[in-house]
Amino acid sequence: ACSEFSQRSCEECLKNVSCLWCYTNNACVDYPVRSILPPSSLCSLSNARWGVCWINFEALIIAIAVVAGLILVFITVCCCYCCYCRRRSRSRPDEEEEQLARKREERRLQSLQRKHERKLKHDEIRKKYGLLQDSDNPYSRFENE
């Protein structure tokens with residue numbers, strides 16, 4: 001069906017998507033579907049047109065490769081940025097948890113210090129009233145003096 005459009009115009013040939021226009025011999029040929037790129041024996045890439053007449057097949061391949069490369073770079077940048085953000089968001093809670101752990105430890109140490117001070121006070125009061133048990137024999141019976 002594509003050979004019917006030979007010796008006519010590129011626009012008429014390329015109305016059918018399965019056709020390829022070759023400017024060297026003004027021929028409209030079936031696009032070789034089995035191979036991705038048309039072989040040079042059929043038509044050179046710089047003279048072949050497919051899809052649109054105003055851009056040759058070589059430029060079309062380069063343009064598609066550039067667009068695909070830009071898309072891949074964009075996807076890579078997005079993935080790296082997302083991973084960086086995720087890592088950054090994970091580090092913030094770690095810093096907050098570390099800060100909370102430090103404050104918790106400070107409160108625990110202050111509590112132990114107050115407990116020790118209370119014990120010393122209580123021991124002084126026990127000593128004053130003679131209630132302090134002998135540390136050598138803590139199980140001795142309390143005797144009233």
Side-chain angles (χ1 to χ4, degrees), residues 1-129 131-140 142:
C2 291
S3 58
E4 294 174 8
F5 297 108
S6 290
Q7 302 301 327
R8 289 190 185 170
S9 71
C10 177
E11 287 81 16
E12 289 181 34
C13 174
L14 295 183
K15 283 180 183 174
N16 187 350
V17 181
S18 63
C19 294
L20 177 76
W21 180 260
C22 187
Y23 266 114
T24 51
N25 54 2
N26 287 336
C28 187
V29 292
D30 288 323
Y31 188 86
V33 190
R34 288 201 167 90
S35 61
I36 296 172
L37 299 175
S40 59
S41 60
L42 186 64
C43 189
S44 67
L45 290 179
S46 60
N47 291 320
R49 305 290 193 265
W50 180 73
V52 289
C53 292
W54 52 270
I55 188 167
N56 64 33
F57 207 83
E58 200 171 34
L60 184 66
I61 292 171
I62 292 170
I64 289 173
V66 167
V67 169
L70 288 174
I71 290 171
L72 287 174
V73 167
F74 179 74
I75 290 171
T76 305
V77 167
C78 285
C79 289
C80 291
Y81 180 75
C82 289
C83 291
Y84 174 74
C85 286
R86 195 174 298 150
R87 194 178 326 125
R88 221 171 108 209
S89 68
R90 276 192 219 141
S91 68
R92 284 183 184 159
D94 289 344
E95 291 171 3
E96 290 174 6
E97 288 176 21
E98 192 176 301
Q99 215 172 24
L100 287 173
R102 268 189 266 122
K103 286 182 180 178
R104 197 177 308 124
E105 184 64 23
E106 286 174 12
R107 285 193 298 262
R108 189 182 70 79
L109 290 174
Q110 288 173 353
S111 171
L112 286 174
Q113 186 178 2
R114 286 192 303 265
K115 185 176 180 181
H116 181 70
E117 289 172 1
R118 278 194 310 270
K119 185 180 180 306
L120 288 176
K121 255 187 201 178
H122 290 157
D123 285 348
E124 283 179 24
I125 294 172
R126 285 188 187 107
K127 189 175 178 183
K128 179 179 177 182
Y129 292 103
L131 300 174
L132 190 64
Q133 293 180 346
D134 204 7
S135 60
D136 295 338
N137 192 3
Y139 298 106
S140 65
F142 178 74

Problem - From OH (Tyr31) to CG (Leu37), nearest 0.5 Å - result: 6.0 Å
Practice task
Check the surroundings of atom CG in Leu120: do more than 12 heavy atoms from other residues, nucleotides or ligands lie under 6.0 Å from it?
Solution key: yes
Problem - Nearest heavy-atom neighbours spanning Trp21 and Cys13 - result: CE3-CB, 3.5 Å
Handout entry: Asp123 bridged to Lys127 by N-O distance under 4.0 Å
Key = no
Fill in the blank from the handout: Residue set satisfying side-chain hydrogen bond (donor to acceptor under 3.5 Å, both in side chains) with Asp30, at least two apart, ordered chain then number -> none
Handout entry: Inter-residue atom distance Cys79.SG - Tyr81.OH, 0.5 Å rounding
Key = 13.5 Å
Handout entry: Any Leu42 side-chain heavy atom under 4.5 Å of Pro32 side chain
Key = yes
Fill in the blank from the handout: Closest non-hydrogen contact found for Ile55 with Val52 is CG2-CG2, 3.1 Å
Completion exercise
So CZ of Arg107 and CD of Gln110: to nearest 0.5 Å the spacing works out to 9.0 Å
Handout entry: Leu100 side, atom CG; Glu105 side, atom CD - distance, nearest 0.5 Å
Key = 13.5 Å
Exercise for the section: Could I get the full list of salt bridge (charged side-chain N to carboxylate O under 4.0 Å, His left out) partners for Glu117, not counting sequence neighbours? Expected result: none
Practice task
Indicate yes or no: at least one non-hydrogen side-chain atom of Leu45 is less than 4.5 angstrom from one of Pro38.
Solution key: yes
Problem - Sub-2.5 Å SG contact, Cys19 and Cys2 - result: yes
Practice task
Show your working on side-chain contact (heavy atoms from CB on, under 4.5 Å) between Arg114 and Ser111 and close with a plain yes or no.
Solution key: CA-CA 5 Å; Arg114 286 192 303 265; Ser111 171; 4.0 Å; yes
Exercise for the section: State whether the side chain of Thr76 and the backbone N or O of Leu72 hold a donor-acceptor pair below 3.5 Å, judged by distance alone. Expected result: yes
Exercise for the section: Look up atom SG in Cys53 and atom CD in Glu12, then write down how far apart they are to the nearest 0.5 Å. Expected result: 10.0 Å
Practice task
First locate atom CH2 of Trp50, then atom CD1 of Ile61, and finally report the distance between them rounded to the nearest 0.5 Å.
Solution key: 10.0 Å
Exercise for the section: List the steps, then state whether salt bridge (charged side-chain N to carboxylate O under 4.0 Å, His left out) holds for Glu98 with Arg102. Expected result: CA-CA 6 Å; Glu98 192 176 301; Arg102 268 189 266 122; 3.7 Å; yes
Exercise for the section: Give me the one residue out of Leu60, Leu20, Leu14 that meets side chain to side chain contact (heavy atoms under 4.5 Å, CB included) with Arg49. Expected result: Leu14
Practice task
Mark yes or no for whether Ser6, through its side chain, and Cys28, through its backbone, hold a donor-acceptor pair below 3.5 Å.
Solution key: yes
